[in-house]
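Okay, so here's the structure we're looking at.
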There are 2 protein chains.
Amino acid sequence: MAKSPSKPITEHLAYLLAQANREINRQLDARFRKEGVPVEQWRILKVLSDGKGHSMGELAEAVLLNHPTLTKMVDRMVSDALVYRVQDADDRRKVLMFSSDRGKALTQRLNSLALSQEAFIAENYGNKATADLKRLLESLIEKAN
Amino acid sequence: MAKSPSKPITEHLAYLLAQANREINRQLDARFRKEGVPVEQWRILKVLSDGKGHSMGELAEAVLLNHPTLTKMVDRMVSDALVYRVQDADDRRKVLMFSSDRGKALTQRLNSLALSQEAFIAENYGNKATADLKRLLESLIEKAN
DNA sequence: CGGGAATCGTTGAATATTCAATATTTTCCA
DNA sequence: TGGAAAATATTGAATATTCAACGATTCCCG
């Protein structure tokens with residue numbers, strides 16, 4: 001009996017997700033390059049763009065970063081005057097994050113870069129395929145939790 | 001006119017991919033935990049499991065790592081006696097990587113953990129959905145290059 | 001052939017991330 | 001009420017990744 005060949009790595013869902021994620025993220029990063037902002041900061045700014053004040057825990061969850069990483073990234077963003085911290089009066093363990101005016105202006109520029117990427121993908125990849133893919137991903141994420 | 005709400009981040013393909021990738025990778029990492037091996041090392045071992053000898057460039061491409069990161073990860077794996085380097089006789093700029101016996105044995109254990117994850121996903125998420133998702137991802141990856 | 005340009009992999013320094021431990025505040029229940 | 005346990009965010013040390021520069025080899029073309 002020959003050695004079992006075992007499924008090639010390119011057929012594993014985990015690998016396909018990693019590859020697709022890497023590629024799409026690279027393209028988005030390239031668009032953000034001229035603003036000098038990593039994708040994670042866009043996510044943070046976007047979540048904060050409702051003006052409401054989000055705790056670090058909420059943020060970490062929403063932007064797919066763990067706490068210490070987020071803390072340090074926020075430190076940098078505070079240095080750049082994009083966001084600021086306010087201690088939560090109701091629960092003084094918490095810190096509420098807000099976007100500054102400068103942060104809001106940047107958010108709009110980044111949003112438009114991101115939307116243009118989405119449009120580009122939809123165009124090259126097809127509207128239906130894009131919609132189907134999104135739906136399947138949402139459903140996978142929901143099941144996986 | 002009210003401030004435009006702009007598309008929520010959870011509707012961006014880039015975000016959905018990042019989220020799904022993160023979740024699936026976490027689960028896989030948890031399974032690999034008892035072997036103490038990160039997912040990237042499994043990818044490397046898997047590519048090398050054809051016994052053929054792959055250059056660092058090939059490997060970097062295949063396992064979604066950039067060159068310096070791969071070099072250092074391979075250094076660690078050499079220390080652990082999982083893989084070894086051989087200078088390519090035909091092109092002495094190149095280094096060919098091979099899996100050791102110890103590496104091959106580990107690969108098999110990891111493969112079976114990975115397959116069990118795939119089975120788990122297929123079961124919870126549905127065979128059809130899984131197949132559809134894979135197909136769409138493959139096609140996205142192809143288009144994106 | 002000769003030599004400049006390209007390719008391949010590694011290195012060192014700078015940067016970023018992670019893990020474990022900590023400080024602070026709140027919650028809960030005995 | 002008192003105090004142990006839980007929740008929240010940060011810190012510092014250890015680890016990993018990235019960027020730019022380098023050394024070695026091969027390619028290519030004048």
Side-chain angles (χ1 to χ4, degrees), chain A residues 18 21-23 25-30 32-34 36-44 47-48 52-80 82-98, chain B residues 18 21-23 25-30 32-34 36-44 47-48 52-80 82-98:
Chain A
N21 179 49
R22 179 181 156 99
E23 192 54 44
N25 247 282
R26 271 194 175 163
Q27 292 179 5
L28 191 54
D29 247 325
F32 286 178
R33 189 69 34 90
K34 72 171 180 189
V37 176
V39 172
E40 288 80 10
Q41 293 197 12
W42 171 58
R43 293 198 199 124
I44 293 172
V47 171
L48 298 186
K52 283 215 184 71
H54 296 261
S55 74
M56 291 296 280
E58 267 175 53
L59 252 192
E61 182 73 19
V63 305
L64 316 177
L65 252 31
N66 40 24
H67 288 223
T69 306
L70 178 64
T71 291
K72 283 151 192 171
M73 184 161 287
V74 162
D75 287 348
R76 281 170 244 145
M77 294 175 78
V78 169
S79 296
D80 293 343
L82 296 173
V83 299
Y84 57 93
R85 292 174 160 100
V86 175
Q87 191 176 46
D88 186 338
D90 295 340
D91 182 342
R92 283 167 23 242
R93 291 170 301 184
K94 293 187 184 173
V95 169
L96 297 181
M97 297 303 312
F98 291 90
Chain B
N21 179 50
R22 178 180 157 100
E23 193 53 45
N25 247 282
R26 272 193 173 163
Q27 292 179 3
L28 191 53
D29 248 325
F32 285 178
R33 189 70 34 90
K34 71 171 179 188
V37 175
V39 172
E40 289 79 10
Q41 293 198 11
W42 170 59
R43 294 196 199 124
I44 293 172
V47 171
L48 298 187
K52 282 216 182 71
H54 295 261
S55 74
M56 292 295 282
E58 268 175 53
L59 253 191
E61 182 72 21
V63 306
L64 316 176
L65 253 31
N66 41 24
H67 288 224
T69 305
L70 177 63
T71 291
K72 283 151 191 171
M73 183 161 286
V74 162
D75 287 348
R76 281 170 245 145
M77 295 175 77
V78 169
S79 296
D80 294 343
L82 296 173
V83 299
Y84 57 93
R85 293 175 160 100
V86 175
Q87 191 176 47
D88 186 337
D90 294 340
D91 182 342
R92 285 164 25 238
R93 288 170 303 185
K94 293 187 183 171
V95 168
L96 298 181
M97 297 303 312
F98 292 89

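Just so it is clear: chains get the letters A, B, ... in the order the sequence lines come, proteins before strands, and each one is counted from 1.
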Among all residues two or more places apart in sequence or in another chain, which pass the salt bridge (charged side-chain N to carboxylate O under 4.0 Å, His left out) test with B:Asp80?
none
Counterpart residues, salt bridge (charged side-chain N to carboxylate O under 4.0 Å, His left out), relative to B:Arg85 (two or more places apart):
B:Asp75
Rounded to whole angstrom units, what separation is found between the [atom1] atom of [X] and the [atom2] atom of [N]?
X: B:His67; N: D:dA16; atom1: NE2; atom2: C1'; result: 18 Å
X: A:Leu59; N: D:dT8; atom1: CG; atom2: C1'; result: 13 Å
X: B:Lys94; N: C:dA6; atom1: NZ; atom2: P; result: 18 Å
X: B:Leu96; N: C:dT10; atom1: CG; atom2: P; result: 11 Å
X: B:Asp29; N: D:dA16; atom1: CG; atom2: P; result: 13 Å
X: A:Met73; N: D:dT17; atom1: CE; atom2: C1'; result: 13 Å
X: A:Leu70; N: D:dT8; atom1: CG; atom2: C1'; result: 12 Å
X: A:Asp75; N: D:dG12; atom1: CG; atom2: P; result: 11 Å

Can you tell me if the side-chain N/O atoms of [X] get under 4.0 Å from OP1 or OP2 in [N]?
X: A:Ser55; N: D:dT8; answer: no
X: B:Thr71; N: C:dT11; answer: no
X: A:Arg85; N: D:dT10; answer: yes

Could you run down nucleotides 18-28 of chain C 5' to 3' and tag each one B, S or - for protein heavy-atom contact under 4.0 Å?
BBB---BBS--
List in chain and number order the residues that pass side-chain hydrogen bond (donor to acceptor under 3.5 Å, both in side chains) with B:Arg33, two or more places apart in sequence or in another chain; answer none if no residue qualifies.
none
According to side-chain hydrogen bond (donor to acceptor under 3.5 Å, both in side chains), who are the partners of B:Asp91, at least two apart in sequence or on a separate chain?
B:Arg93
If you draw a 6.0 Å radius around CD in A:Glu61, do more than 12 non-hydrogen atoms from other residues or ligands fall strictly inside?
no
Parallel, tilted or perpendicular: rings of A:Tyr84 and A:Phe98 (30°, 60°):
parallel
Sequence neighbours excluded and cut-off under 3.5 Å, please list the side-chain donor-acceptor pairs for residues 66-74 of chain A, or say none.
{"unit_1": "A:Asn66", "atom_1": "OD1", "unit_2": "A:Thr69", "atom_2": "OG1", "d": "2.7"}
{"unit_1": "A:Thr71", "atom_1": "OG1", "unit_2": "A:His67", "atom_2": "O", "d": "3.2"}

